[in-house]
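Note: hydrogens, waters and symmetry copies are ignored here, and every other heavy atom, side chains too, is used. From a predicted model like this one, the values you see are computed outputs, not experimental measurements.
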Amino acid sequence: DEIVRRVVCRSERSGVSVQCRKGCAACCRYMVPLSVPEIYRLWDEIQSFPAERRQRILSGCLEVSRKILESEPVPVTQTPGDEPADAEPDALDRWYAGIDSACPLLEGEVCTIYPLRPVSCREHIAITPAEYCRPTNPGHARLLKPPLSVIESLGRLAAEMEGTEIEAILLPLAPAWRDVNRNRSVRQWPAPVLFERFADIVHDMSRRKAAAA
């Protein structure tokens with residue numbers, strides 16, 4: 001939140017206004033990746049909801065997950081030799097736009113967990129009108145870029161602590177993923193260790209980005 005606040009303040013001082021407003025949910029049809037720590041935090045939040053609201057969200061996740069699994073495979077760019085092909089970011093956006101599903105956490109065009117919304121949602125800071133953010137117009141929105149990606153930092157932190165590859169899970173699939181990986185949610189590390197390593201990762205990412213600029 002502090003990183004986003006500083007990015008927005010710097011932009012507004014330069015005369016560029018952020019267009020994001022309550023009730024604007026154009027970007028809530030995007031593909032939202034969650035880092036592993038976010039999945040467990042989101043699950044804890046959902047579990048605290050009244051039963052009817054919790055069931056509504058989980059049913060929404062199940063419905064969108066079904067659409068994802070039944071959709072055509074994501075387009076990929078062919079690579080030479082035996083190297084695996086990768087999906088281009090724009091192709092991923094277009095693929096998910098074709099699923100045409102709102103976020104299961106959205107009700108009445110308002111995020112039901114806004115204070116705890118995913119990091120990728122926080123980092124989507126639009127300076128163009130809402131219509132440019134719609135998935136049907138991929139690549140048209142102009143966004144403010146934070147100095148570093150917090151979701152990537154969280155992904156790196158979780159991977160280092162657990163000794164795994166960096167993982168990102170689509171939001172609708174998160175409840176099912178959490179059930180399959182229930183045992184991972186009970187692992188613990190000393191808070192100072194987590195904080196210091198996260199700070200190191202953030203610093204390293206900032207340094208690399210500054211060097212590349």
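Without hydrogens or angle criteria, T128 side chain to R142 main chain gives a donor-acceptor distance under 3.5 Å.
Residues C111 and I113 form a side-chain contact, since some pair of their non-hydrogen atoms from C-beta on lies under 4.5 Å apart. A heavy-atom distance below 4.5 Å is found between the side chains of V202 and S206. With a 4.5 Å cut-off on side-chain heavy atoms, L143 and I125 do not count as touching. Counting heavy atoms from C-beta on, the side chains of P104 and R56 never come closer than 4.5 Å. Annotation: side chain of L106 is not in contact with side chain of T112 (no heavy-atom distance under 4.5 Å). Looking only at side-chain heavy atoms (C-beta outward), L116 and L42 stay at 4.5 Å or farther from each other.
With values rounded to the nearest 0.5 angstrom, L105 atom CG is found 5.5 Å from I57 atom CD1. In this structure, E152 CD and S120 OG are separated by 13.0 Å, a value rounded to the nearest 0.5 Å. Distance NE2/H124 to SG/C28: 9.0 Å, rounded to 0.5 Å.
Sorted by first and then second residue, the side chain to side chain donor-acceptor pair (under 3.5 Å) pairs with a member in residues 184-195 read E162-R184, E167-R184, N181-R184; sequence neighbours excluded. Identified under the side chain to side chain donor-acceptor pair (under 3.5 Å) test for residues 40-55, with sequence neighbours left out: Q55-S59.
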Given salt bridge (charged side-chain N to carboxylate O under 4.0 Å, His left out), test R6 with E2 step by step and report yes or no. CA-CA 6 Å; R6 293 190 182 197; E2 179 61 19; 2.9 Å; yes
Would you sort out whether K67 and D100 count as a salt bridge (charged side-chain N to carboxylate O under 4.0 Å, His left out), showing the intermediate values? CA-CA 9 Å; K67 290 184 178 182; D100 191 25; over 6 Å; no
Begin from the C-alpha positions of I169 and R178 and carry the test side-chain contact (heavy atoms from CB on, under 4.5 Å) through to its verdict. CA-CA 10 Å; I169 311 301; R178 189 266 178 192; over 6 Å; no
Starting from the C-alpha separation in whole Å, work towards a yes-or-no answer on side-chain contact (heavy atoms from CB on, under 4.5 Å) for C121 and V32. CA-CA 7 Å; C121 300; V32 177; 4.0 Å; yes
Could you walk me through whether Y30 and L171 satisfy the side-chain contact (heavy atoms from CB on, under 4.5 Å) test, starting with their C-alpha distance in whole Å, then the side-chain angles of each, then the deciding distance to 0.1 Å, before giving a yes or no? CA-CA 10 Å; Y30 281 173; L171 187 150; over 6 Å; no
What pairs of donor and acceptor atoms, side-chain ones from residues 193-201 against any protein atom, are under 3.5 angstrom apart with sequence neighbours left out?
from, atom 1, to, atom 2, distance (Å)
R197, NE, E160, OE1, 2.6
R197, NH2, E160, OE1, 3.3
R197, NH2, E160, OE2, 2.9

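Minimum interatomic distance between L173 and S65 (heavy atoms only, all atoms of both residues): CD2-OG, 3.3 Å. Between V18 and E12 the shortest heavy-atom distance is N-OE2, 4.4 Å. The two residues Q19 and I127 have their closest heavy-atom pair at CG-C, 3.6 Å. Listed here is the closest heavy atom pair of V119 and I151: CG1-N, 3.5 Å. Closest approach of S153 to M205, counting heavy atoms only: OG-SD, 3.0 Å. Looking at every heavy atom in both residues, P147 comes nearest to K209 through O-CD, 3.0 Å.
Between E109 and R29 there is a salt bridge, since a side-chain N of the basic residue sits under 4.0 Å from a carboxylate O of the acidic one. A salt bridge is defined here as a Lys NZ or Arg NE, NH1 or NH2 lying under 4.0 Å from an Asp or Glu carboxylate O, and D204 with R208 meets this definition. Between R66 and E70 there is a salt bridge, since a side-chain N of the basic residue sits under 4.0 Å from a carboxylate O of the acidic one. Ion pairing of K145 with E123 is absent here, as no side-chain N (NZ or NE/NH1/NH2) approaches a carboxylate O to less than 4.0 Å.
For R207, the CZ atom counts as densely surrounded, since its 6.0 Å shell holds more than 12 non-hydrogen atoms of other residues, nucleotides or ligands.
The hydrophobic clustering, which links ILVMFWY residues whose side-chain heavy atoms are closer than 4.5 Å, places L34 and V4 apart. Side-chain heavy atoms closer than 4.5 Å link hydrophobic residues (I, L, V, M, F, W, Y) into clusters, and following such links, possibly through other members, connects M31 to W177.
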